[in-house]
Amino acid sequence: MKKTIYSLICALGCIAGIWSLTACDDDTWGNDNEEMMNVFYFGFEDWGQLKNDVTYTVKQGQIVNIPMQFWCAGERSFDAIALYYVDSSLTLGTDFQIVDENGNSLQPDSNGAFTMQWNLQSPDATNNHRIQNIRVKALQGKTGKVTVTTFNPRDVDGAGKVKISNGSSDGIIYTPNYATGEYEVHCLTQNYKAVVTIEK
């Protein structure tokens, strides 16, 4: 019983921490703090018990939707871009595809990144939790696993864990997922990975 209560308290504490980081209307991270006004966060809608254990299964010939979340309250004068990556021993274009909402195949850039654009110039019904899907289509090739991440899978340490550029332990990956002169997008150490298993 004590262990259950402790786990619940930890989970609630982590959720409260994220709210405090991302709610654009609080004192530290809100619109009153110009330095943080255009710092956004990008991750999976499913937090996988804060252990990066989000999993999906898809059969060949079908598509699985992976809901992604972008934290930003209110509107901006610009749209934002976030990047995601896929890593697999399977072959992109032969065994699986990443597709848009119309089923058209998407291609990564020269660094292996796929682009997801977020509309920030119109009101958002969730007021801080915009949602879009990454769509993985399983083709009639080999079966296996496809890992989707919000950071470059090559940017890991010797233990295979994502690098945190300033050594911080607060759960934020300080190397930006994407950055321009107007804004930065960051991802989170407890919410950066999902695994899709392709089955026959």
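Numbering starts at 1 and runs along the sequence shown. FYI, side chains are in, hydrogens and waters are out, and symmetry mates aren't considered; it's all heavy atoms of this structure.
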Any [X] side-chain heavy atom under 4.5 Å of [Y] side chain:
X      : Y      : value
Glu184 : Asn38  : no
Gln60  : Ile198 : yes
Arg130 : Met68  : no
Val148 : Ile134 : yes
Thr57  : Glu199 : yes
Ile66  : Asn133 : no
Arg135 : Ile98  : no
Tyr192 : Asn52  : yes

Among residues at least two apart in sequence or on other chains, which ones pass ring-ring contact (aromatic ring centres under 6.0 Å, His included) with Tyr178?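 Tyr178: no ring-ring contact (aromatic ring centres under 6.0 Å, His included) contacts found.
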With sequence neighbours left out, what residues match Phe114 under ring-ring contact (aromatic ring centres under 6.0 Å, His included)?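 Once residues adjacent in sequence are excluded, the partners of Phe114 under the ring-ring contact (aromatic ring centres under 6.0 Å, His included) criterion are Tyr84.
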Quick check: closest heavy atoms across [X] and [Y], and the distance to 0.1 Å?
X      : Y      : value
Gln117 : Gln132 : O-NE2, 2.6 Å
Gly141 : Asp95  : CA-OD1, 3.4 Å
Ala179 : Pro176 : CB-CB, 4.0 Å
Val136 : Phe96  : CG1-CD1, 4.4 Å
Thr149 : Phe151 : OG1-O, 2.6 Å
Ala138 : Val58  : CB-CG1, 4.0 Å

For the [atom1] atom of [X] and the [atom2] atom of [Y], what is their distance to the nearest 0.5 Å?
X      : Y     : atom1 : atom2 : value
Met37  : Cys72 : CE    : SG    : 8.0 Å
Asn191 : Leu50 : CG    : CG    : 8.0 Å
Glu101 : Ile63 : CD    : CD1   : 11.5 Å

Answer yes if the ring centres of Phe40 and Phe70 are under 6.0 angstrom apart, and no otherwise.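 They qualify: ring centres under 6.0 Å apart.
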| said: Suppose the criterion is side-chain hydrogen bond (donor to acceptor under 3.5 Å, both in side chains): which pairs have a residue in residues 104-116, not counting sequence neighbours? | reply: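 Residue pairs passing side-chain hydrogen bond (donor to acceptor under 3.5 Å, both in side chains), neighbours aside: Asp100-Asn104, Ser105-Gln107.
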Please list all pairs meeting side-chain hydrogen bond (donor to acceptor under 3.5 Å, both in side chains) that have one or both residues in residues 137-148, counting only residues at least two apart or in different chains.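 Only Lys145-Thr197 qualify under side-chain hydrogen bond (donor to acceptor under 3.5 Å, both in side chains).
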(message) Can you list everything that forms a side chain to side chain contact (heavy atoms under 4.5 Å, CB included) with Thr94? Sequence neighbours excluded, please.
(response)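 Thr91.
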Side-chain heavy atoms nearer than 4.5 Å, only ILVMFWY residues, links allowed to pass through others: does that put [X] and [Y] together?
X      : Y      : answer
Tyr56  : Val195 : no
Val64  : Leu139 : no
Val196 : Val99  : no
Leu92  : Val146 : yes
Met116 : Leu106 : yes

- prompt: Is there a side-chain contact (heavy atoms from CB on, under 4.5 Å) between Leu188 and Phe42 once you walk through the steps?
  reply: CA-CA 8 Å; Leu188 303 157; Phe42 172 62; over 6 Å; no
task: Can you sort out the partners of Asn102 under side chain to side chain donor-acceptor pair (under 3.5 Å), two or more places apart, ordered by chain and number?
output: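 Scan of Asn102 (side chain to side chain donor-acceptor pair (under 3.5 Å), adjacent residues dropped) gives none.
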Could you check whether the rings of Tyr183 and Phe78 sit parallel, tilted or perpendicular, using 30° and 60° as the cut-offs?
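Ring orientation of Tyr183 relative to Phe78: parallel.
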